[in-house]
Amino acid sequence: MKTYDVAIIGAGVTGTSIARELARYKLDIALFEKEEELAFGVSKSNSGIIHPGIQNSPDSLKGRLCVQGNFLIRDLSKELNIDFKEVGELIVAFNEEEIRELLRLKKEAEVLGVPRLKIVDKTWLRQNEPNLNAEAVAALYAPTAGIISPYRLVYGLAENAVRNGVEIFTETKIENIIYSKPNFEILASKGLFRSRHVINSAGLFADEISKMLGIDYFKIRPRKGEEFILDKKKESLIHHLILPLPSKTSKGVIIIKTADGNPMIGPTAEDIEDKEDLSTSDSGFNKVLSSARRLIPSINDKDIIAYFAGLRPVAGDDFIINHENKAPGFINVAGIQSPGLTASPAIALLVANILKDNGLEIKKKFIFHAHRKGTIHLFQSPLLKIEKIIKKDPSYGDIVCRCEMVSAKEIKDAVKKGAKTMDGVKFRTRAQAGRCHGSFCATRIMKILAEERKILVTSVTKRGKGSEIVKEDRFCFQE
Ligand SMILES: Cc1cc2nc3c(=O)[nH]c(=O)nc-3n(C[C@H](O)[C@H](O)[C@H](O)COP(=O)(O)OP(=O)(O)OC[C@H]3O[C@@H](n4cnc5c(N)ncnc54)[C@H](O)[C@@H]3O)c2cc1C
């Protein structure tokens, strides 16, 4: 049996960032994911904000890693050819007391090294954010805040990691780990694996993985966040991310510019027990809408086209990133709640250093392919460019999803790059993400998925086994 140098459990943004970082070195690396596709855990349902690093305690690990991650993501997104937009954020104050709180936040963030912060006044706000509540008196402006597509980041990291030699095993649930000095025997749903080091980046289930080795000093508690997406026609509702003053447990309801243009409002922050509960609620909706309207009064509930919930994996106030002496070679990367997306490139660097400090001999590869060829997304391209793209390859002109302008070629490319399910296609291409939610294009996408994967249409699923869409193969695909 092959002995890997490093086994990483969980292919969310944390696990794929670590895999891609370690792929620089001469190491045999395996990345395990229990779901059918990558980014189907917490990393698929978040706000997509690259936070500047305000609102974290200056002595916290997550505070330090957030600021560093915000800096690192700029080069990383260029290397991976993923759209990162530095849109800036405004934390809004409505009275003198709140302005004092802004000044406190500014001072705290400056200790952490957040650059270019300034307090802007009412006149600035009027000019730069005309839809903001006229009663707002000032805001803390952080120009380094940005937005990114969280799933496209994971897919970009994973593709690049594979290009550099990482092996990815999907639908491979880790069921037990035994420390058999100096290796770990990893019992997975697809068989037995062996590795010298194990990194636990299993998100909501990191406590259960750690417990397999008798390390149980933390528990992951899900903190639910419900989010509501507005129609793309409202793209210019806001020009920055708009935030209220934060509470102890969350950054509050934010008006978010997303990477794909739709504004989004949310999230809520509710501690729950069930790690699988992704339901949304009327109370969540009402809370989000009223909090969002306090910032932008013109938000119309009729413009909300979709909603979802995500669960933050909370293990106390801070991230847990530790080498565990009880099982030398085992590293917990747990409790990666917000701002985990932002911090992920910095977490990966920290983990590489922890491995070095604990005896892993790492030598740089002679050749590391840092750059990933970009994917064509028609919805991101200006019309003139689209004309040229279609002229060069007419299959880009075969539009499948009309709401989001996604072609058959883009869907086929997504399948070639690893999309296996309807959600996988949606996250990669945006097909089905528009106002009609796939009413017009779902059958065509299923047909493409079945043809490209050489499977029956009855085997096409929304998000993995158990979510099949048609029961009998009586589906008529005649065109
Ligand atoms: C509503 C919400 C909004 C957020 N907004 C932001 C934001 O704007 N900016 C920001 O920086 N952060 C944000 N976050 C936080 C961010 O989403 C998380 O920190 C990040 O996605 C965590 O990634 P992860 O890889 O650690 O976990 P995950 O993405 O959950 O990855 C863990 C993976 O491990 C797999 N796994 C679990 N058990 C096993 C097993 N036994 N065997 C194999 N695989 C297993 C899971 O299937 C999963 O894919 C938000 C979170 C939420 C919920």
Side-chain angles (χ1 to χ4, degrees), residues 7-19 30-53 56 62 65-66 69-70 73 89 145-148 150-151 153-154 157 168-177 186-190 199-212 220 222-227 241 243 250-251 253-254 256 258-259 264 266-270 275-276 278 280 284 288 308-315 319-321 333-348 463-464:
I8 303 165
I9 304 172
V13 73
T14 307
T16 51
S17 296
I18 295 168
L31 172 59
F32 298 106
E33 172 53 53
K34 70 178 168 68
E35 300 295 329
E36 193 154 343
E37 291 199 49
L38 317 183
F40 270 25
V42 186
S43 300
K44 76 169 179 320
S45 36
N46 58 57
S47 311
I49 300 173
I50 299 303
H51 291 289
N56 296 309
K62 67 179 182 183
L65 296 176
C66 180
N70 178 294
I73 207 103
E89 75 174 31
I147 46 171
I148 203 160
Y151 2 91
L153 175 60
V154 173
L157 287 161
I168 300 185
F169 300 86
T170 50
E171 290 178 273
T172 307
K173 184 176 180 185
I174 304 309
E175 291 170 343
N176 204 0
I177 311 173
I186 303 166
L187 306 170
S189 54
K190 277 195 178 163
I199 294 162
N200 171 18
S201 51
L204 287 161
F205 302 90
D207 50 352
E208 292 166 34
I209 298 286
S210 185
K211 229 188 214 166
M212 292 172 186
I220 304 284
R223 182 171 294 152
K224 189 193 276 191
E226 297 178 36
E227 310 238 29
L241 300 154
L243 290 83
S250 98
K251 296 178 182 66
V253 168
I254 309 173
I256 303 154
T258 62
M264 185 162 83
T268 52
E270 179 200 354
K275 291 179 177 179
E276 312 279 352
L278 292 174
T280 50
V288 166
F308 63 85
L311 304 177
R312 306 166 183 89
V314 178
F319 296 161
I320 295 174
I321 305 181
V333 187
I336 309 300
Q337 50 170 301
S338 188
L341 175 72
T342 312
S344 55
I347 293 175
R463 62 173 78 90

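Both ligands and their constituent atoms are indexed starting at 1 by order of listing. Note: hydrogens, waters and symmetry copies are ignored here, and every other heavy atom, side chains too, is used.
For ligand 1 and Gly48, the ligand atoms under 4.0 Å from any heavy atom of the residue are 8 (O). Shown in contact with Pro339 at under 4.0 Å from a heavy atom are these atoms of ligand 1, numbered in order with element: 10 (C), 11 (O), 12 (N). For ligand 1, the atoms lying closer than 4.0 Å to a non-hydrogen atom of Ile209 are 41 (N). Atoms of ligand 1 found under 4.0 Å from any heavy atom of Lys173 (numbered from 1 in listed order, with element): 41 (N), 42 (N). Short contacts between ligand 1 and Ile49, defined as distances under 4.0 Å to a heavy atom of the residue, involve ligand atoms 7 (C), 8 (O), 9 (N), 10 (C), 11 (O).
In this structure, the protein non-hydrogen atom closest to atom 13 (C) of ligand 1 is Ser338 OG, 3.5 Å. At the top of the distance list for atom 50 (C) of ligand 1, counting protein heavy atoms only, stands Asn46 CB, 3.3 Å. Of the protein's non-hydrogen atoms, the one nearest atom 45 (C) of ligand 1 is Lys34 CG, 3.7 Å. Given atom 34 (O) of ligand 1, the protein heavy atom at minimum distance is Gly10 CA, 3.1 Å. From the protein, the heavy atom lying nearest to atom 23 (O) of ligand 1 is Ser43 OG, 3.2 Å. Scanning all protein heavy atoms for the shortest distance to atom 28 (P) of ligand 1 gives Val42 N, 3.5 Å. Looking from atom 27 (O) of ligand 1 to the surrounding protein, the closest heavy atom is Gly203 CA, 3.7 Å. Of all protein heavy atoms, the one closest to atom 41 (N) of ligand 1 is Ile174 O, 3.1 Å.
Within 6.0 Å of the NZ atom in Lys190, the count of heavy atoms belonging to other residues, nucleotides or ligands exceeds 12.
Taken from CG in Leu243 to CD1 in Ile256, the straight-line distance is 8.0 Å, to the nearest 0.5 Å. Here the CG atom belonging to Asn176 is positioned 10.5 Å from the CD1 atom belonging to Ile186, to the nearest 0.5 angstrom. Atom CZ of residue Arg312 and atom CG of residue Leu204 lie 11.5 Å apart, to the nearest 0.5 angstrom.
Among the atoms of Glu33, some N or O lies under 3.5 angstrom from an N or O of ligand 1. Annotation: Thr14 places an N or O atom under 3.5 Å from an N or O atom of ligand 1; distance criterion only. In terms of polar-atom proximity, Ile336 is counted as a contact of ligand 1, with an N or O under 3.5 Å from an N or O of the ligand. Residue-to-ligand polar distances place Ser47 within reach of ligand 1: an N/O pair is separated by less than 3.5 Å. For the pair Phe205 and ligand 1, the shortest N or O to N or O distance does not fall below 3.5 Å. Annotation: Ile9 places no N or O atom under 3.5 Å from an N or O atom of ligand 1; distance criterion only. Residue-to-ligand polar distances keep Arg223 apart from ligand 1: every N/O pair is separated by 3.5 Å or more.
Gly335 and Ile220 make their closest contact through N-CD1, 3.6 Å (heavy atoms, listed as atom of the first residue, atom of the second, distance). Heavy atoms only, all atoms of each residue included: Gly10 and Ser201 are closest at O-OG, 3.4 Å.
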Audit row: Lys44, Glu35, salt bridge (Lys or Arg N to Asp or Glu O under 4.0 Å) steps and yes/no: CA-CA 12 Å; Lys44 76 169 179 320; Glu35 300 295 329; over 6 Å; no
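Tested against Pro267, the residues Glu226, Lys251, Glu227 include a single side-chain contact (heavy atoms from CB on, under 4.5 Å) partner, Glu227.
Residue contacts with ligand 1, taken as heavy atom pairs separated by less than 4.0 Å, involve Ala11 solely via the backbone atoms N, CA, C and O. If you look at Gln337 next to ligand 1, the close heavy atoms, those under 4.0 Å, all belong to the backbone. Contacts between Ala188 and ligand 1 below 4.0 angstrom, taking non-hydrogen atoms only, are absent altogether. Using a 4.0 Å cut-off between heavy atoms, Ser344 makes no contact with ligand 1 at all.
Ligand 1 is approached by Thr172 to a heavy-atom distance shorter than 4.0 Å.
Not a single donor-acceptor pair under 3.5 Å links the side chain of Ser17 to the backbone N or O of Ala348.
Geometrically, Lys173 does not engage Phe205 in a cation-pi contact, judged by NZ or CZ lying under 6.0 Å from the ring centre and within 45° of the ring axis.
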